[in-house]
Amino acid sequence: MKPISLTRFLIEEQHRGHINADLRLLIEVVARACKSISTAVGKGALGGVLGEAGTGNIQGEAQKKLDVLSNEILLEANEWGGHLAGLASEEMDHSHPIPNAYPKGNYLLLFDPLDGSSNIDVNISVGTIFSVLHCPDGITEPGDEHFLQPGTAQVCAGYTTYGPSTMLVLTIGRGTHAFTLDREQGSFMLTQRDLRIPEETKEFAVNMSNQRFWEAPMQAYVGDLLQGKEGPRGKDFNMRWVASMVADVHRILTRGGIFSYPLDAKCRDKGGKLRLMYEANPMSFLVEQAGGAASTGRQRMLEVQPSGLHQRVPVFLGSKREVEAAVRYHLEHDAGK
Ligand code: AFP
């Protein structure tokens, strides 16, 4: 049977009363912007967009030309449609209220326009991550503080991965669904409804080069994984690390596993490496909706009350039982066991 398009999927969800017309439009607009980003990424060196932009973002990281271009594409696409009250991007210092010249809606959109961008120049998968919140009642000119809602308040989240094929993975709080871009038709087509992450896994993802900087419970947890069959876990584990969160999470949504970017001595002062609002929360929503779990190691990710737009957090997400195991090491350590 021919797969249905994203447009049809969203219209059917609207008919069922699961989303309204504004949220449908918002998702369509983000998907359209992601198609443009996919085209730019796909041109590679021929597009003249590889390499450094010569600028830095709020986090002090060097921006790639494609970071800047992807941010512009998402901003331009979403500004005038009337579905948003404001936007926030990992690449911008502050949130961006919709200019008064355009109609305004009731949603707030957050995005990491091109995650994993240090992989662009070596032709490895990168992606766009996004999250949608309600704008608080009565607010027409939202400031940064209006975006500081816990992940449980998300109404929609998703990512696009620009890999061998371009895929959009989406949740509106009713399961996690995967769409593949049909490049000839220019449409995202539903290729997997209701992704389910296996509860158990034998695969972990972490940047092992940080091992000596980790906290004691993380050292103990990974130490036990590495002992394999001979250790307390009683099974051999495999390791994968793409260093593009979108690609690593996509693998986990497809075949299970645990992804972690824990606290370490290098990122402790900042609270972690990955960003709560642009990376951890949307990915945690997608993972929970696929039957997985997501935690900071000490708290359910979606319940973290954000204190800053660019806040960073430690991240553990993926197969439920494995995330629970990693959390157990942290809680037992904290309890002095
Ligand atoms: P970039 O966007 O700067 O490439 O960072 C990617 C990322 O935020 C996330 O996608 C990866 O999981 C993580 O950083 C990789 O971090 P390490 O380079 O420290 O392994």
Side-chain angles (χ1 to χ4, degrees), residues 6 9-10 13 18-19 23 26-27 30-31 34 74 90 107-116 125-133 149-163 165-181 188 190-199 201 203 205 240 242 244-261 274-296 300-304 306 313-324:
L6 174 68
F9 173 86
L10 293 173
E13 289 301 299
H18 298 162
I19 53 172
L23 185 55
L26 192 166
I27 297 168
V30 170
C34 289
L74 279 158
E90 194 207 295
Y107 290 106
L108 302 175
L109 173 67
L110 299 102
F111 49 81
D112 179 353
L114 206 61
D115 186 63
S125 297
V126 290
T128 299
I129 313 173
F130 63 94
S131 161
V132 182
L133 297 165
Q149 306 177 33
T152 47
Q154 292 173 105
V155 292
C156 166
Y159 65 78
T160 312
T161 171
Y162 312 110
S165 58
T166 289
M167 291 187 74
L168 171 71
V169 178
L170 182 75
T171 184
I172 52 167
R174 290 175 175 271
T176 294
H177 314 289
F179 301 80
T180 304
L181 181 62
F188 279 108
L190 180 62
T191 41
Q192 200 170 354
R193 202 184 270 275
D194 255 319
L195 293 165
R196 300 307 290 170
I197 303 177
E199 290 201 348
T201 184
E203 201 160 65
R240 285 286 181 273
V242 183
S244 271
M245 188 188 194
V246 171
D248 278 314
V249 171
H250 191 69
R251 183 186 60 254
I252 286 167
L253 278 165
T254 309
R255 69 177 191 211
I258 180 168
F259 169 94
S260 63
Y261 211 113
L274 302 179
R275 296 77 171 172
L276 175 64
M277 308 295 289
Y278 312 106
E279 296 173 312
N281 270 346
M283 291 309 203
S284 298
F285 191 19
L286 288 160
V287 162
E288 281 201 3
Q289 285 294 315
S295 170
T296 63
R300 182 182 168 214
M301 187 65 70
L302 295 183
E303 290 175 358
V304 173
V313 280
V315 175
F316 294 82
L317 56 79
S319 291
K320 202 161 188 263
R321 299 276 164 259
E322 201 50 46
V323 173
E324 286 167 358

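All values below come from the heavy atoms of this structure, side chains included, with hydrogens, waters and symmetry mates left out.
Taking 4.5 Å as the limit, every side-chain heavy atom of Ile172 sits out of range of all side-chain heavy atoms of Val155. With contacts defined as side-chain heavy-atom distances shorter than 4.5 Å, the pair Glu90/Phe111 does not qualify. Side-chain contact between Thr176 and Val169 is present, with heavy atoms from C-beta onward closer than 4.5 Å. Annotation: side chain of Ile258 is not in contact with side chain of Leu317 (no heavy-atom distance under 4.5 Å). Using a 4.5 Å heavy-atom threshold, the side chains of Arg251 and Glu203 count as touching. Tyr159 is listed as a side-chain neighbour of Leu253, based on a closest heavy-atom distance under 4.5 Å. Under the 4.5 Å side-chain criterion, counting only non-hydrogen atoms from C-beta, Cys156 is in contact with Leu23.
Residues Ala247 and Val242 approach most closely at CB-CG1, 3.9 Å, considering heavy atoms. When all heavy atoms of Val323 and Gly318 are compared, the closest pair comes out as CG2-N, 3.5 Å. Shown here for Gly158 and Leu286, the closest heavy-atom pair between the two residues is CA-CD1, 3.9 Å. Between Leu168 and Ala31, the closest heavy-atom pair is CD2-CB, 4.2 Å. The two atoms that bring Gly291 and Lys320 nearest to each other are O-CD, 3.7 Å, heavy atoms only. Contact between Ala280 and Val315 at its shortest, heavy atoms only, is CB-CG2, 3.9 Å.
Leu6 CG to Glu13 CD: the interatomic distance, rounded to the nearest 0.5 Å, is 10.5 Å. Of the inter-residue distances, the one linking Met283 atom CE with Thr171 atom OG1 reads 13.0 Å to the nearest 0.5 angstrom. In this structure, CG in Asp248 is found 10.0 Å from CG in Asp115, a value given to the nearest 0.5 Å. In this structure, Ile129 CD1 and Met277 CE are separated by 13.5 Å, a value rounded to the nearest 0.5 Å. We find the CD-OG distance between Gln289 and Ser284 to be 12.0 Å, quoted to the nearest 0.5 Å. Here the OG1-CD1 distance, from Thr201 to Ile252, works out to 7.5 Å after rounding to the nearest 0.5 Å.
Here Arg174 pairs with nothing under the salt bridge (Lys or Arg N to Asp or Glu O under 4.0 Å) rule; sequence neighbours left out.
Screening Leu302, Leu110, Val132 for a side chain to side chain contact (heavy atoms under 4.5 Å, CB included) with Gln154, the sole residue that qualifies is Leu302. Of the residues listed (Leu114, Thr161, Thr128, Thr160), the one engaging Val246 in a side chain to side chain contact (heavy atoms under 4.5 Å, CB included) is Thr161, and it is the only one.
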Next on the checklist: For a side chain to side chain contact (heavy atoms under 4.5 Å, CB included) check, start with the C-alpha distance between Arg193 and Phe9, then their side-chain angles and the critical distance, and finish with the verdict.
Outcome noted: CA-CA 10 Å; Arg193 202 184 270 275; Phe9 173 86; 3.6 Å; yes
Checklist entry - Could you go step by step and tell me if Arg321 and Glu199 meet the salt bridge (charged side-chain N to carboxylate O under 4.0 Å, His left out) rule? => result CA-CA 6 Å; Arg321 299 276 164 259; Glu199 290 201 348; 3.1 Å; yes
Next on the checklist: Go through it in stages, so that I can follow the logic: the residues are Tyr261 and Phe316, the test is ring pair (Phe, Tyr, Trp, His ring centres under 6.0 Å), and I'd like the CA-CA distance, side-chain angles, deciding distance and then a yes or no.
Outcome noted: CA-CA 7 Å; Tyr261 211 113; Phe316 294 82; over 10 Å; no
Checklist entry - Given the rule in the side chain to side chain contact (heavy atoms under 4.5 Å, CB included) test, do Leu109 and Leu26 qualify, once you have shown the distances and angles that lead to the verdict? => result CA-CA 9 Å; Leu109 173 67; Leu26 192 166; 4.2 Å; yes
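For the pair Thr180 (side chain) and Met167 (backbone), a donor-acceptor distance under 3.5 Å is absent. Proximity of a side-chain donor or acceptor of His177 to a complementary backbone N or O of Leu170 within less than 3.5 Å is not detected. The main-chain N or O of Tyr162 is never found under 3.5 Å from a side-chain atom of Thr166 such that the two would form a donor-acceptor pair. The backbone N or O of Ser319 lies less than 3.5 Å from no partner atom in the side chain of Glu322, so there is not a single donor-acceptor pair. With hydrogens and angles disregarded, a donor-acceptor distance shorter than 3.5 Å links the side chain of Ser244 to the backbone of Ser125. Without hydrogens or angle criteria, Asp112 side chain to Glu279 main chain gives no donor-acceptor distance under 3.5 Å.
For Phe130 and Tyr278, the ring centers sit 6.0 Å or farther from each other.
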